[in-house]
Structure formats: structure tokens, C-alpha cells
Amino acid sequence: MIRSKIAGIGRYVPEQVVTNHDLTKLMDTSDEWIQERTGIKERRYAKKHEETTTTMGTRAAEIAIERAGIQKEDVDFIIFATLSPDYYFPGCGVLLQRELGITKTEIGALDIRNQCSGFIYGLSIADQFIKTGIYKNILLVGSEMHSMGLEFSTKGRNVTVIFGDGAGAVVLQPTEKEDQGILTTHLHSDGTHAEQLAMISPGSHGGYHLGKENFGFPDVEYGELFIYPNLIDNNSYYPNMDGQLVFKNAVQKFPEVINEALQKTGLQASDIDMLVPHQANLRISQFIQGKLGLRDDQVWNNIQKYGNTTAASIPIALCEAWEAGKIKEGDLVCLAAFGSGFTWGSALIRW
Ligand code: COA
């Protein structure tokens with residue numbers, strides 16, 4: 001039976017460090033509040049005009065490709081996960097292809113929009129393509145440049161302090177080794193609370209999902225629905241989040257979807273050598289750890305340094321854990337995510 005394995009992994013975080021103290025100059029917040037509620041001490045911001053979601057993804061991809069021992073031209077499919085793309089369209093997949101200098105046109109590039117679960121959704125898609133023998137070298141990238149569109153004021157502080165920029169990438173290849181590779185992936189969604197962790201404009205909604213009266217959406221002409229007259233005034237082009245609702249759902253869905261993967265494979269939580277949760281909030285990770293009864297050395301957290309980098313958070317953390325020698329051949333690695341949508345998912349990998 002063919003399985004998919006992670007053959008190479010890379011990460012890139014921009015140089016510029018933004019501390020909690022730096023943010024206190026822009027909004028009413030404090031290092032103490034941020035650390036106590038989220039565990040975050042600092043995050044990175046990309047260099048504006050020089051770095052983009054695609055360029056950061058490309059840096060991470062180059063490392064993953066080199067570590068996989070292949071050439072760029074060997075990549076036969078690209079999957080790019082982000083909620084902060086360079087352009088509204090086309091997506092970052094083709095921009096990354098161009099940036100990498102892959103000139104062959106036999107390949108495909110797929111963009112996915114699953115926010116914090118983007119990497120796990122991408123991993124699951126790649127896994128299906130590899131298992132069915134369609135592709136041999138899939139490049140999966142998660143990259144975010146949140147700093148481009150956060151609300152740097154007291155009004156936006158609950159969201160702004162959480163997010164950071166960065167990228168991670170993996171190359172997936174087939175393996176026929178008995179006990180190696182992706183053992184299982186599980187994907188879920190529930191659109192009930194779509195607007196509770198969202199950036200709703202620009203878009204085609206025209207006020208529809210929110211109820212026109214409540215939202216005060218202007219009666220505009222075609223062509224003005226996307227960028228409508230009071231878009232700037234009502235700030236709907238900034239991400240908004242009902243933090244407590246997200247927290248409540250996350251602490252329920254994370255353990256649920258991890259247990260689903262364990263049950264499917266007949267494994268126990270104690271079999272996990274390394275859990276790499278999406279870095280949403282250190283308190284959420286600690287809750288999952290407690291719920292599964294895992295030791296500190298069985299969980300990788302780096303939100304303290306990078307904040308929440310959404311689709312990039314799992315590959316950055318996974319890469320860091322691997323670089324630190326904490327993931328070795330034969331180890332059972334568990335990935336899990338929850339986020340906007342809501343969408344959530346898990347994966348179990350025998351490294
Ligand atoms: N600095 C200082 N005060 C802040 C603040 C900030 N950055 N952000 C919010 N506050 C204030 C609020 O205005 C509120 O003040 P009030 O009591 O005077 O009204 C108070 O802190 C409590 O706000 P609340 O939203 O209830 O805080 P919380 O304990 O729920 O913590 C989060 C907020 C965002 C840290 C928390 O809800 C969370 O982490 N949720 C999950 C978020 C997440 O994981 N998102 C990513 C999903 S992938």
C-alpha cells in the first residue's frame with residue numbers, strides 16, 4: 001500500500017520582531033494582558049514592499065525542496081494555504097510557482113482557504129493524490145502576512161495582538177515502507193458561526209448573511225458591492241473575532257478530532273511522541289495537553305515567539321520540532337487545528 005510521507009520540511013519567519021511592548025505604543029494593551037491570556041511574547045512582521053505571503057512561502061519551500069533531495073522542477077503539484085494572499089486573484093499557488101522559477105507547465109497549483117486548518121486540509125488533499133498514484137512530489141505551503149491588514153488601534157486589539165507573519169512548507173512523496181507516513185487525516189466544518197471569526201469585506205455578500213437592516217449595508221449599484229462607499233467607515237475589511245466563542249469551541253473540537261484519529265488507527269494518546277497543535281493560544285494548547293494527559297515533552301509550542309500564524313503555524317512548529325531533534329524516524333506525530341469557518345482537522349503521521 002502506498003502512503004505519503006513528509007520528505008522535506010522548511011520554514012521562514014521574517015526578521016522583524018514586534019514585542020508586546022511595541023504594540024502598547026499603538027493601542028491600549030499590556031505585555032501582562034497578552035502573555036496571561038495568550039502566552040504570546042512577540043511575533044514577526046514581514047518587511048513591507050519587499051516581502052509578501054508568496055515570497056515568505058517561497059523561502060520555506062526552497063528549504064523543504066532541498067531537504068527532500070529533489071529539484072524544483074521535480075515538483076508536480078503545488079498546494080498553497082493562506083487567508084492573506086498577495087492578490088484577490090490569482091491565488092498564491094501560481095505566484096509561488098513563478099517565484100520558484102518552475103517553468104514546466106505540466107504541474108497544477110491549488111489555492112485553499114481554510115484559515116487555521118489550511119495546512120491540515122492541504123495535507124489531506126496531498127495525501128489522496130499521492131495514495132492514488134497521481135503525483136510523486138507535492139509541495140504544500142502555508143504562509144501568512146497578517147500584518148498587512150490588522151487594525152492597529154484599541155478597537156482591534158483583541159485580534160491584532162494575536163497574529164503574526166511567517167511560512168512553512170513540506171514536500172510529500174510516496175513511501176511503500178510498512179509503517180511510515182500519513183496514517184490518517186480527519187476534516188470537519190460547521191458554518192454556523194462563519195462570521196464570528198472572519199474578515200467579511202471585500203466580497204459579494206452585499207449585507208446578505210448579516211441581515212441588511214442590522215448591517216446598514218448601502219443600496220449600491222453593481223460594481224460597488226465589492227468596494228462599497230462606507231466600507232472604510234464600518235471597518236469590515238478588518239478581521240473580527242468573538243474570542244470567547246472561538247475558545248469554547250476550540251477546546252472542545254481539538255481533543256475530539258485528535259481522539260477520532262487515534263480511534264481510527266487503534267492508537268492511544270500515550271502513543272503520541274509529538275503533538276503539534278495549531279498555535280492559536282497557549283492556553284488552548286495547554287488545555288488539550290491536559291485533556292490528553294500528555295507530558296510537556298510530547299507537545300510543541302512556539303506561539304510565544306511567533307503569535308498565531310494561521311495556515312503557517314503547524315508547518316513552522318513541526319519544522320522547528322524536527323530541527324531541534326525532537327521528531328525522529330518512527331515517531332508518532334499528531335497534528336491538529338481549529339479555526340475560522342469553523343473548520344477543524346487532525347492528522348497522524350508515522351515519521
Ligand atoms: N489588551 C488588553 N485588553 C484587552 C485586549 C488586549 N489586547 N483585548 C481585549 N481586551 C479586553 C476586552 O476589551 C475586555 O475588556 P472589558 O472587560 O472591559 O470589556 C477584556 O479584555 C476581556 O475580553 P475578552 O474578550 O472576554 O477576553 P478573553 O479572556 O476571552 O481573552 C482572547 C481574549 C482573544 C485572548 C481569548 O478569547 C482567546 O484566545 N480566544 C481564542 C482566540 C483564538 O484562538 N483565535 C484564533 C483561532 S484559530
Side-chain angles (χ1 to χ4, degrees), residues 18-43 81-84 112-121 142 144 146-147 149-166 168 187-199 235 238-258 276-289 301-304 306-317 335-346:
V18 176
T19 63
N20 292 344
H21 179 70
D22 293 332
L23 293 180
T24 64
K25 294 174 199 152
L26 304 167
M27 61 195 77
D28 182 12
T29 188
S30 66
D31 178 47
E32 195 191 1
W33 191 97
I34 301 171
Q35 285 210 46
E36 192 186 302
R37 309 283 175 125
T38 70
I40 299 165
K41 294 180 198 288
E42 58 191 40
R43 72 287 293 141
T82 187
L83 63 67
S84 52
I112 57 171
R113 300 275 309 264
N114 288 79
Q115 296 70 248
C116 301
S117 315
F119 186 79
I120 291 187
Y121 267 72
E144 303 288 358
H146 284 295
S147 60
L150 294 168
E151 193 173 7
F152 288 101
S153 69
T154 299
K155 188 165 168 288
R157 65 184 177 178
N158 68 321
V159 173
T160 301
V161 300
I162 291 179
F163 292 100
D165 302 344
L187 308 179
H188 294 280
S189 67
D190 175 1
T192 312
H193 300 295
E195 287 80 14
Q196 267 67 60
L197 178 49
M199 190 184 105
N235 282 355
Y238 284 129
N240 74 276
M241 175 177 74
D242 179 341
Q244 293 198 5
L245 180 80
V246 174
F247 198 100
K248 214 172 72 192
N249 279 273
V251 294
Q252 184 193 338
K253 297 302 182 196
F254 264 109
E256 228 174 72
V257 78
I258 293 169
V276 181
H278 162 55
Q279 305 290 297
N281 180 321
L282 189 60
R283 306 291 161 248
I284 295 176
S285 292
Q286 287 166 339
F287 181 90
I288 308 165
Q289 178 180 343
N301 287 305
N302 63 5
I303 191 168
Q304 300 90 331
Y306 307 128
N308 178 342
T309 56
T310 311
S313 96
I314 290 180
I316 292 174
L335 312 179
F338 175 88
S340 164
F342 297 140
T343 62
W344 62 102
S346 64

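Counting starts at 1 for both ligands and their atoms, following the listed order. Just so it is clear, the structure is predicted and the values come from calculations on it, not from any experiment.
- Glu151 pairs by the salt bridge (Lys or Arg N to Asp or Glu O under 4.0 Å) definition with Lys155, not counting sequence neighbours.
- Under the 30°/60° scheme for interplanar angles, the aromatic rings of His193 and Phe342 are found to be tilted.
- Not close to ligand 1: Ile34, with no non-hydrogen atom less than 4.0 angstrom away.
- Taking only nitrogen or oxygen atoms, main chain and side chain alike, Ile284 does not reach within less than 3.5 Å of ligand 1.
- Less than 4.0 angstrom separates atom 17 (O) of ligand 1 from none of the non-hydrogen atoms of the protein.
- In this structure, atom 29 (O) of ligand 1 has a protein heavy-atom contact shorter than 4.0 Å.
- Using a 4.0 Å threshold on non-hydrogen atoms, atom 14 (C) of ligand 1 does not count as touching the protein.
- The shortest N or O to N or O distance between Thr29 and ligand 1 is below 3.5 Å.
- Close approach of ligand 1 to Cys116 is summarised as follows: ligand atoms under 4.0 Å from at least one heavy atom of the residue are 48 (S).
- In this structure, atom 45 (N) of ligand 1 is in close contact with the protein, since a protein heavy atom lies within 4.0 Å of it.
- With atom 26 (O) of ligand 1 as the reference point, the heavy atom nearest to it among Gln244, Gln115, Met27, Gln279 is part of Gln244.
- Annotation: Asn281 places an N or O atom under 3.5 Å from an N or O atom of ligand 1; distance criterion only.
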